[in-house]
Amino acid sequence: MDVTIGEALADPYAYETIRVTGIVNQTINVTGYTYMEITDSTGSLWVAGYSTQQDNGTEITATGNLNIEFTSPTMGRTFDIILFADSISGGNTSVSNSPHGSGTIMTGDINVTPVDEGTRIEDIKSMSAALDGQVVKVSAEVVKNVVLIDEYFLTLDDGTGQLKARCPNTFNVSQGDSVVVTGSVMTDVDLGNEYFYEVLLQITDVE
């Protein structure tokens with residue numbers, strides 16, 4: 001979704017993936033990747049992507065996920081809102097994949113061993129009406145993790161399918177983790193701003 005920087009800053013929860021265009025104000029290079037502050041007529045936003053060399057004054061377009069209250073140990077600072085870029089185009093760069101790994105691994109690349117008394121994702125989806133409101137246990141890999149203020153918004157994959165899940169940030173969960181999660185199945189979930197999910201898992205425990 002194309003948005004202005006001002007729109008992204010005003011309501012970062014409204015967007016899962018965005019594309020913004022702005023002028024590079026400053027860049028900070030650390031090992032493996034680059035932080036850039038970009039500006040348009042509506043505001044300024046920090047963008048993080050793989051190492052790139054951009055001159056101040058260059059116009060770039062960045063696509064990726066907004067993250068809230070992200071702390072960079074390398075830089076020793078916390079960003080109120082930052083865009084983890086899947087791709088950056090314009091200026092001196094054509095494409096730059098994010099070191100923060102917001103891209104999704106395709107089903108078929110993953111083969112997770114089912115947990116005892118667990119439920120496979122394909123079964124949760126096919127029997128969602130019967131499972132609505134029921135507690136299930138799922139063994140899966142976290143293939144996407146969008147960090148919000150109070151929670152993570154995860155994509156889980158067990159090799160039989162992918163499932164969106166909301167997880168309190170009291171648990172330590174990162175993309176690429178193999179987890180066993182327990183949670184309630186919810187159907188026909190409308191989060192507003194055109195984000196509607198036929199099936200969503202509300203996680204209550206992570207192993």
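Just the heavy atoms: all of them, side chains too, but no hydrogens, waters or symmetry mates, feed the values below.
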Quick one: do Glu207 and Val179 satisfy side chain to side chain contact (heavy atoms under 4.5 Å, CB included)? Show the steps, please. CA-CA 6 Å; Glu207 302 175 28; Val179 295; over 6 Å; no
Between Glu198 and Lys125, does any side-chain N to carboxylate O distance fall below 4.0 Å? no
Answer with yes or no whether the hydrophobic clustering places Val180 together with Val173; edges join I, L, V, M, F, W, Y residues whose side-chain heavy atoms lie under 4.5 Å apart. no
Would you mind reporting whether Asn25 and Ile38 have side-chain heavy atoms less than 4.5 Å apart? no
ask   = Do the non-hydrogen side-chain atoms of Leu154 and Ile203 ever get within less than 4.5 Å of each other?
value = yes
Treating Thr160 as the side-chain partner and Glu122 as the backbone partner, does any N or O pair qualify as donor plus acceptor under 3.5 Å? yes
Is there a path of hydrophobic side-chain contacts, each under 4.5 Å between heavy atoms of I, L, V, M, F, W or Y residues, that connects Tyr35 with Ile23?
-> no
Is the shortest side-chain heavy-atom distance between Thr155 and Gln162 below 4.5 Å? yes
In terms of hydrophobic clusters joined by side-chain contacts under 4.5 Å, are Leu201 and Phe171 together?
yes
Could you pull out every donor-acceptor pair under 3.5 Å between side chains of residues 181-189 and any protein atom, sequence neighbours left out?
unit_1: Thr187; atom_1: OG1; unit_2: Asp132; atom_2: OD1; d: 3.4
unit_1: Thr187; atom_1: OG1; unit_2: Asp132; atom_2: OD2; d: 3.1

task = Report yes if some heavy atom in the side chain of Ile121 is under 4.5 Å from a heavy atom in the side chain of Val138; otherwise report no.
result = yes
- Task: May I ask you to test the Arg19-Thr61 pair for a side-chain heavy-atom distance under 4.5 Å?
- Result: yes
- Are Ile60 and Ile81 joined in one hydrophobic group, where the rule is that I, L, V, M, F, W and Y side chains link up if heavy atoms are under 4.5 Å apart? yes
Q: Taking the side chain as every heavy atom from C-beta outward, state whether Pro168 and Glu151 have any atom pair closer than 4.5 Å.
A: no
Smallest heavy-atom separation, Ala62 atom then Leu83 atom, equals CB-CD2, 3.7 Å
Heavy-atom closest pair (Cys167 atom, Val206 atom, distance to 0.1 Å) is SG-CG2, 4.0 Å
Step through the shown structure and confirm whether more than 12 heavy atoms of other residues, nucleotides or ligands are within 6.0 Å of CD on Gln26. yes
TODO: Take the angle between the ring planes of Phe153 and Tyr197 and call it parallel below 30°, perpendicular above 60°, tilted in between.
DONE: tilted
Item to complete: Quick one: do Asp177 and Glu141 satisfy side chain to side chain contact (heavy atoms under 4.5 Å, CB included)? Show the steps, please.
Response: CA-CA 6 Å; Asp177 286 352; Glu141 183 170 320; over 6 Å; no
Within the side chain of Ser139, is there an N or O that forms a donor-acceptor pair under 3.5 Å with the backbone of Thr113?
-> yes
### Message
Is the shortest side-chain heavy-atom distance between Asp40 and Thr21 below 4.5 Å?
### Response
no
Taken to the nearest 0.5 Å, the spacing of Lys164 NZ from Lys144 NZ works out to 5.0 Å
Sorted by chain and residue number, the ring-ring contact (aromatic ring centres under 6.0 Å, His included) partners of Tyr152 (sequence neighbours excluded) come out as none
When rounded to the nearest 0.5 Å, the distance separating CH2 of Trp46 from CD1 of Ile5 is 12.0 Å
**OP:** Could you walk me through whether Leu66 and Ile82 pass the side chain to side chain contact (heavy atoms under 4.5 Å, CB included) test, one step at a time?
**Re:** CA-CA 6 Å; Leu66 290 171; Ile82 190 170; over 6 Å; no
When you check the side-chain N and O atoms of Thr34 and Thr27, is any donor under 3.5 Å from an acceptor? no
- Message: Looking at Asp2, I'd like to know if its CG atom is crowded, meaning that more than 12 non-hydrogen atoms belonging to other residues, nucleotides or ligands lie closer than 6.0 Å.
- Response: yes
Exercise for the section: Please lay out, stage by stage, how Asp158 and Leu156 fare under the test side chain to side chain contact (heavy atoms under 4.5 Å, CB included). Expected result: CA-CA 7 Å; Asp158 67 353; Leu156 304 175; over 6 Å; no
In this structure, OG1 of Thr42 is separated from CG of Leu9 (nearest 0.5 Å) by 7.0 Å
Output for pair (Asn29 CG, Met36 CE), nearest 0.5 Å, gives 9.0 Å
Side-chain heavy atoms under 4.5 angstrom apart, residues restricted to Ile, Leu, Val, Met, Phe, Trp, Tyr: same cluster for Ile68 and Ile18? yes
Original post:
Between Asp157 and Leu163, is there a donor-acceptor pair closer than 3.5 Å when you use the side chain of the first and the backbone of the second?
Top reply: no
